[in-house]
Amino acid sequence: VAAEATQKVGQFNPQGLANTVWSYATVQHDAPALFDTVAAEATQKVGQFNPQGLANTVWSYATVQHDAPALFEKVAAEATQKVGQFNPQGLANTVWSYATVQHDAPALFEKVAAEATQ
(Lines give C-alpha, C1' and ligand atoms only; values in the text may rest on other atoms or scores of the structure.)
Protein backbone atom coordinates (compact mmCIF):
# COMPACT_ATOMS: atom_id res chain seq x y z
CA VAL A 1 0.00 0.00 0.00
CA ALA A 2 2.80 2.43 0.90
CA ALA A 3 4.53 1.90 -2.45
CA GLU A 4 1.31 2.54 -4.35
CA ALA A 5 0.45 5.60 -2.25
CA THR A 6 3.96 6.99 -2.73
CA GLN A 7 3.41 6.99 -6.48
CA LYS A 8 0.07 8.84 -6.16
CA VAL A 9 0.85 11.40 -3.44
CA GLY A 10 0.81 14.22 -6.00
CA GLN A 11 -2.90 13.57 -6.49
CA PHE A 12 -3.73 13.84 -2.78
CA ASN A 13 -5.43 16.87 -1.31
CA PRO A 14 -4.17 18.22 2.05
CA GLN A 15 -6.58 16.05 4.06
CA GLY A 16 -5.49 12.97 2.13
CA LEU A 17 -1.83 13.76 2.85
CA ALA A 18 -2.50 14.26 6.56
CA ASN A 19 -4.70 11.17 6.83
CA THR A 20 -2.13 9.00 5.07
CA VAL A 21 0.75 9.76 7.41
CA TRP A 22 -1.57 9.80 10.42
CA SER A 23 -2.72 6.28 9.56
CA TYR A 24 0.83 4.97 9.37
CA ALA A 25 1.89 6.78 12.54
CA THR A 26 -1.12 5.50 14.47
CA VAL A 27 0.05 1.93 13.89
CA GLN A 28 3.69 2.98 14.51
CA HIS A 29 4.75 2.11 10.96
CA ASP A 30 7.31 4.43 9.39
CA ALA A 31 7.29 3.99 5.63
CA PRO A 32 10.33 6.16 4.81
CA ALA A 33 9.73 6.64 1.08
CA LEU A 34 6.08 7.48 1.68
CA PHE A 35 6.86 9.92 4.50
CA ASP A 36 9.55 11.62 2.40
CA THR A 37 7.20 11.98 -0.56
CA VAL A 38 4.31 13.24 1.57
CA ALA A 39 6.65 15.75 3.26
CA ALA A 40 7.70 17.15 -0.11
CA GLU A 41 4.10 17.39 -1.33
CA ALA A 42 2.73 18.76 1.95
CA THR A 43 5.44 21.43 2.03
CA GLN A 44 4.10 22.72 -1.29
CA LYS A 45 0.44 22.58 -0.17
CA VAL A 46 0.81 23.67 3.46
CA GLY A 47 -1.22 26.85 2.89
CA GLN A 48 -4.22 24.69 1.98
CA PHE A 49 -4.18 22.66 5.21
CA ASN A 50 -6.71 23.32 7.94
CA PRO A 51 -5.48 23.45 11.56
CA GLN A 52 -6.34 19.80 12.25
CA GLY A 53 -4.43 18.72 9.16
CA LEU A 54 -1.39 20.72 10.23
CA ALA A 55 -1.49 19.25 13.74
CA ASN A 56 -2.06 15.69 12.55
CA THR A 57 0.73 15.93 10.01
CA VAL A 58 3.46 17.08 12.38
CA TRP A 59 2.16 14.69 15.05
CA SER A 60 2.58 11.83 12.58
CA TYR A 61 6.18 12.70 11.76
CA ALA A 62 7.05 13.15 15.43
CA THR A 63 5.35 9.90 16.40
CA VAL A 64 7.40 7.81 13.98
CA GLN A 65 10.49 10.01 14.49
CA HIS A 66 10.74 10.73 10.76
CA ASP A 67 12.93 13.74 10.06
CA ALA A 68 11.26 16.41 7.90
CA PRO A 69 12.77 19.80 8.83
CA ALA A 70 11.54 21.65 5.73
CA LEU A 71 8.00 20.47 6.42
CA PHE A 72 8.24 21.50 10.08
CA GLU A 73 9.48 24.97 9.04
CA LYS A 74 6.56 25.47 6.64
CA VAL A 75 4.00 24.12 9.09
CA ALA A 76 5.35 26.38 11.85
CA ALA A 77 4.91 29.45 9.65
CA GLU A 78 1.40 28.41 8.59
CA ALA A 79 0.31 27.32 12.07
CA THR A 80 1.52 30.62 13.51
CA GLN A 81 -0.94 32.37 11.20
CA LYS A 82 -3.79 30.01 12.12
CA VAL A 83 -3.26 29.55 15.88
CA GLY A 84 -6.62 31.11 16.70
CA GLN A 85 -8.38 28.48 14.57
CA PHE A 86 -6.86 25.46 16.38
CA ASN A 87 -8.78 23.62 19.06
CA PRO A 88 -6.94 22.95 22.34
CA GLN A 89 -6.05 19.37 21.36
CA GLY A 90 -4.60 20.56 18.06
CA LEU A 91 -2.47 23.16 19.82
CA ALA A 92 -1.23 20.59 22.32
CA ASN A 93 -0.43 18.04 19.62
CA THR A 94 1.39 20.62 17.55
CA VAL A 95 3.68 21.89 20.30
CA TRP A 96 4.25 18.31 21.50
CA SER A 97 5.38 17.41 17.99
CA TYR A 98 7.88 20.25 17.80
CA ALA A 99 9.21 19.47 21.27
CA THR A 100 9.48 15.77 20.50
CA VAL A 101 11.57 16.27 17.36
CA GLN A 102 13.42 19.18 19.02
CA HIS A 103 12.60 21.56 16.18
CA ASP A 104 12.79 25.20 17.26
CA ALA A 105 9.74 27.26 16.37
CA PRO A 106 9.84 30.26 18.73
CA ALA A 107 7.24 32.35 16.89
CA LEU A 108 4.80 29.44 16.93
CA PHE A 109 5.39 28.72 20.62
CA GLU A 110 4.90 32.40 21.50
CA LYS A 111 1.60 32.51 19.61
CA VAL A 112 0.42 29.26 21.19
CA ALA A 113 1.33 30.55 24.65
CA ALA A 114 -0.57 33.77 24.00
CA GLU A 115 -3.60 31.82 22.74
CA ALA A 116 -3.52 29.44 25.71
CA THR A 117 -3.52 32.27 28.24
CA GLN A 118 -6.55 34.05 26.80
Side-chain angles (χ1 to χ4, degrees):
V1 173
E4 186 69 24
T6 300
Q7 295 176 10
K8 297 187 178 188
V9 161
Q11 300 170 26
F12 292 7
N13 64 24
Q15 184 176 349
L17 294 168
N19 288 352
T20 299
V21 291
W22 178 87
S23 298
Y24 277 83
T26 298
V27 296
Q28 295 286 314
H29 184 75
D30 182 17
L34 177 61
F35 273 73
D36 287 343
T37 305
V38 168
E41 189 69 22
T43 298
Q44 295 175 20
K45 295 179 177 175
V46 76
Q48 300 170 36
F49 277 70
N50 65 26
Q52 183 178 352
L54 294 170
N56 288 351
T57 300
V58 292
W59 176 89
S60 300
Y61 282 81
T63 296
V64 298
Q65 293 290 305
H66 191 95
D67 194 35
L71 175 63
F72 273 72
E73 282 297 315
K74 289 282 194 168
V75 169
E78 188 67 22
T80 299
Q81 300 300 315
K82 295 180 177 176
V83 161
Q85 300 171 36
F86 279 72
N87 66 29
Q89 185 69 55
L91 288 175
N93 288 352
T94 300
V95 295
W96 174 88
S97 300
Y98 280 81
T100 297
V101 300
Q102 299 179 351
H103 188 101
D104 288 335
L108 174 60
F109 274 65
E110 288 173 17
K111 284 281 253 196
V112 169
E115 183 71 19
T117 58
Q118 290 185 11

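Side-chain contact between S60 and V58 is absent, with no heavy atoms from C-beta onward closer than 4.5 Å. Side-chain contact check for Y61 versus D67: every heavy-atom pair is 4.5 Å or farther apart. Counting only heavy atoms from C-beta outward, the side chains of V112 and T80 never approach each other to under 4.5 Å. Between F86 and L54, some side-chain heavy-atom pair lies under the 4.5 Å cut-off.
Counting non-hydrogen atoms of neighbouring residues, nucleotides and ligands closer than 6.0 angstrom, the CD atom of Q102 reaches no more than 12 such neighbours.
Contact record, A79 with L108: CB-CD1, 3.8 Å, taken as the closest heavy-atom pair.
Here the NZ atom belonging to K111 is positioned 6.5 Å from the CD atom belonging to Q81, to the nearest 0.5 angstrom.
Residues passing the side-chain hydrogen bond (donor to acceptor under 3.5 Å, both in side chains) test with E41, sequence neighbours excluded: K45.
The other residues sharing a hydrophobic cluster with W96 are W22, W59, where clustering joins ILVMFWY side chains under 4.5 Å apart.
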Quiz item: Stepwise, does the side chain to side chain contact (heavy atoms under 4.5 Å, CB included) test hold for T57 with V38?
Solution: CA-CA 10 Å; T57 300; V38 168; 5.6 Å; no
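Between H103 and F72, the ring planes are tilted. Angles from 30° to 60° get that label.
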